[in-house]
Structure formats: C-alpha cells, structure tokens
Amino acid sequence: MEIRGVAIEDTFAEAFGMRAVRVIITAVSLRWAREAALKMTGFATSIIGCRCEAAVEREFPPSETPDSRPGVSVLLFTMNSEDLGERLIERIGQTVLTCPTTSCFDGLPESPDRVAAGRALRAFGDGFQISKILGGRRYWRVPVMDGEFLLEETFGIQKRAIGGGNFLILAEDAVHALAAAEAAVAAIAGMPGVILPFPGGIARSGSKVGARTYSNMIASTNDAYCPTLTPLTDSKVPRGVNAVLEIVLDGLSAEAIAAAMRVGIDAACRPGVVAISAGNYGGKLGPYQFHLSDVIAGRPMERSR
Amino acid sequence: MAYVGRVFRPGVTLTLRASATSPIDASALPLDQFVELDEAAIAKLEVRIAYQSVPLGDIFVVRGGHSASVRVDGALTHVHGLGTNLATGELAIEGSVGDRVGAGMTGGRIYVAGSVGDDAGIAMRGGVLEVDGDAGDRLGAAGPGGRRGMTGGEIVVRGSVGAEAGTRSRRGLIVIGGSTGANLARDIIAGTAVVFGRVGPEPGRGNKRGTIIATGGIDIPATYRLACTFEPPFVRLLMTYLVRQFDMTVGDDVVSGRFRRHCGDAGVPGRGEILEWVRA
C-alpha cells in the first residue's frame, strides 16, 4: 500500500489497556487555562517513568464549558484506577489548584466509574470549604487567596482507554522526518478522545520491551529503528532512510486512536518520507493491534486477544 | 407543551371534570405507579374530597395508561398535594394548582404552567419542581412539625414567592425569578437559595451553612459581616446551569458579576453566607 508514493508497511501498532479521565480546566482567559493544563500534563510522557501519561486534548470556547469561561481539556492515563486517583490528586492539587482563576470539572460525567479526587482535595480548605450540588453533581468551593477554587468532587473513569497506539515515520533525513511528524501532530490536534503525550506530540526514542545488555531495564532503545545501528543489529530501517520519528497516541477508545492514526498518517505522507511503519512487540505488550492497512481503510479494529 | 430542553408527551392525561369548590386532596395518588396501570385501573384510584374517598374517574376524565408521563389540566386551584412523594416520571400541570405540589418528592420532574399555592416542595428530597408562575408560603420548607426542609433536588419558580421559603432546608437548590416574602431561608442548615428579584425582610436568620444569592436587592441583616467583594466561580457555574437547563434569562453582568460576601448568621453562630450582586 502507498499514499502519495510513501510505502505503508504491512504491520500493526500494538497497544494496551489503560484507565483514563478527562479533566476540563477553565479560567478567566484561555491563557490561564492553558497554563494550568500545561503544568498538569508536565512530565507525563510515558507510564514507564512518569507514572501516568497526559496531555491537552483540546480547547473549548466559553459556550462549551460548564461555567461559560474559556477552557482546556486534559486526558490523563494510568494502568489502574487507584493510580488514577493518586495522580489526579497530585497533579490537580499542585498545578490547577495553585493556578490563578482556574476551576476544574469532570469531562466524563456519564461514566458510572468514578474517582473522588475532588473529595480528597477539598481538605485543603481546612474546614472552610463549602459543598454544593448542582444537577446531581457535587462541587467543592475551596477558599484560596484570589477567591475560591471550584472543583468537581468526582471524575468519571474510562475503563476501556487504550495507550500506546503509534506509527513510525521513516524519512530520508531528520529534517524531513520532523516536518512530517509536525504535520501529523497538527492534523491530529484537537481530535476528540485522543492525546499525543510526548514532547510536541513526537517521540524520537522509541523503545523495545526490556534490554539486551541490562537485565534491570524495563525498556531500552528500539535498536531495530535506529539508523545508526543498521549494520549492527537486526535492523528494520530500509535503505535510504536516515531518520525515524514516532507518533504515540493514547485514546479513550480504539475508534478515537484509529481515527487519529488515519489522519496523522495521511498528513505525514509527504516528500522526503520513505515509509510509514508501526511499533509492535510480538504480542508482548498489549492486546490491541492497529493494523495500518485497516486504519487507513477505515475498517473497524478488532481486539486481537 | 414543552418545557426546557424536553418535549413532553403525556401517556396519561387527567382533566378535571368541573371547577371544584371543595378542596381535593390528591396527595395519595401514586403517580409513579401509573406506568403499571391501564386507564380503567387509574380511574379507580382514589382521591379525597371533604374527608371522603372518591374514585379518581369521578373527578377527572382519565385518558391513557401505562405511562410515567402524566398531564393534569382544568381549574386546579382547589386540587392539593399533586405529585406528593413523586419518585420517578414526569408530571405536567397545565395551569395554576393548589397547595403542597411535589411535597416530599424524591425524584422525577414536575412542571407547573401556572402558579402554586403554599407548601410547594416541602421536605423535598430530590427531583425537579419547576413553576412558571408564583408560589405561596413555605416553598421548599419543612413540613408541619418537620425538622428539615428540602434536603435535595431543585425548585425553580419564575415568579415571586411568599414567606419562609427554604426554611430549615439542608441541601437542595431554590431559584426564584421574582421577589420573596419575609424570612427567606430561615434556619437554613445548608443548600442554596437564588433570588433575582427583591428579597423580603429578615433573610437568612439562623443560617448555619446555607447560601443566599441575591441579584435584585437585599437588606443585609446586622448579624452578617462583610468579608470581601469577589467573583464567585460557583455563582458563574450556577448561573450558566440555570440558563442552559432552565432557559432562565440571566444577564452576562450577573454571570460574570462581582458579589459581596457577607458571612453569618452571627447569632447562631453560623458559617452561612449571603452573596449580594454588585451592579457594575
């Protein structure tokens, strides 16, 4: 398969199940909502070292937020619900609560599974906090120095979230690889239910499970896709390719990831790109397989096992 | 008919046969059970007139059955207790109605196209009571001898209300589009009362942890102390909610407005508050 002369390899991205929440942060201006969201999603690229994965999902005009202010939604992923609660308490408590003018709302109100991060954070009010119920949802008014921090008591959990969707951009050189990856990120930006947790949405250090040399490593460099190692390893880098970048996607559903992969791959197929591939680990990592041919054709993804 | 965000399709319609002169007590009507009953069975249910039980079908023309969506119409000002203890379903009342509408309701939704008498929503625990017109005394307050007024749910009255609205309420939301009589939210334990018109004398006496939000003028009792003037995020959320869920008209200057926070009631002492809108 080819898209505008770029080869689409007959392979699949292998992904795994995660838990996720959507947090909507509003503020007096989009600038301050973004400030809080950027801090909240800092150091959250990979579950391997950051204990969660998070990024901004999209921005909202005042007409679409619960309090008629500009807002930003953040998706945060962990491997289990308990971790989700801990990470939310840490991150909302240290980054959103502290940020001037912000309020914090649940972005998955229909979910029956809940994590009570707001209930824990209310204690910052030291007994002066006030509970309010509106439309069956409980909010906490926590007194702070610029007035009050308003946050929702519980946040809905998406138990069928997926982490680790991905595709690889194999290019003639680093300049073209980066330009293609940037185009993919721009195309995916704002799509609902999906985030790209790595810096600027792009990862250069794709990894494999474990390591050859160091037994204590959970993950190590994906030597098969390192152009500098082509003579030294069982390389998958085709001739003429001198740089590879990876787009990693976490999503609230397989459909969201597949849709974003489809859009991103299409945008990445541009001059200087030789091929599009995907990272899989021989079934070691997770039960979800996004076959590139299915993704591009828009065929529904089936859980592999 | 329609009420905000919904198209109401009644499965059961009760039409009062003639204008009543004696009070009709409909508080025992099990509206929740209409979903299991056919037209004939509903007509056999009883209401009380002048201490006598009378089949519903003698008083109302009953149409339809097996539905939790009920419409009541006719000259209903002598019909009391409609929607008492409602737990699920929808009740639409076409026109003004008597006392105790939605008393003790725990869920569901009641819409009144006209005004309601006294004691509407007393001891309410959940659900939504929406009134297009005015309400009498003790809206959402405690029932006779009761220690607590409403403990949950939402009451929206677009017109004005009488005295003692929200007395001894704990949780729940009362929204009043017009003005209030005396003693709004007396001895309120918690919960919120929003008034867009003028608030009557002696609001928030004995307020423990409740909130009164006043945008149309209020005389702050001497037992409240001014804390600051700020833009409460919760008020913004609440006003947005009222606009979107109840189609209420709220000016942007109120949604994004500044409010004086008065803490009280010092006589209890309480941690309640009155949020008084500051006109820009």
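Below, chains carry the letters A, B, ... as their sequence lines are ordered, and counting in each starts from 1.
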Heavy-atom contact with chain B under 4.5 Å, split by part of [X]:
X: A:P143; result: neither
X: A:S103; result: side chain
X: A:R137; result: neither
X: A:F128; result: both

Chain A: which of B:V255, B:L173, B:T192 shares the most heavy-atom pairs with it under 4.5 Å?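 Looking at each of B:V255, B:L173, B:T192 in turn, B:T192 comes out on top.
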
Kindly compute the distance separating CE (B:M239) from OG (A:S68), expressed to the nearest 0.5 Å.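 Answer rounded to 0.5 Å: 11.5 Å.
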
[X] atom [atom1]: more than 12 heavy-atom contacts under 6.0 Å:
X: A:R119; atom1: CZ; answer: no
X: A:F124; atom1: CZ; answer: no
X: B:K208; atom1: NZ; answer: yes
X: B:R198; atom1: CZ; answer: yes
X: B:R147; atom1: CZ; answer: no

State, to 0.1 Å, how close [X] and [Y] come at their nearest heavy-atom pair, and which atoms those are.
X: A:I133; Y: B:R171; value: CD1-CD, 4.0 Å
X: A:P66; Y: B:T240; value: O-CG2, 3.2 Å
X: A:E64; Y: B:R244; value: N-NH2, 4.2 Å

Can you tell which part of B:T211 gets under 4.5 Å to a heavy atom of chain A, answering side chain, backbone, both or neither?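 For B:T211, the contact with chain A is made by backbone and side chain together.
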
Non-hydrogen contacts under 4.5 angstrom with chain A: give the residues of residues 230-237 of chain B involved, or none if there are none.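 Residues B:F230, B:P233, B:F234, B:R236, B:L237 are the ones that qualify, each having a heavy atom under 4.5 Å from chain A.
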
Name, in order of residue number, those residues of residues 264-280 of chain B that have a heavy atom at a distance of less than 4.5 Å from a heavy atom in chain A; otherwise write 'none'.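 Within residues 264-280 of chain B, the residues that come under 4.5 Å of chain A (heavy atoms only) are B:R271, B:E273, B:L275.
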
Flag the one option from A:L134, A:D146, A:V28 with the top tally of heavy-atom pairs under 4.5 Å to chain B.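 If we count pairs closer than 4.5 Å to chain B, A:L134 comes out on top.
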
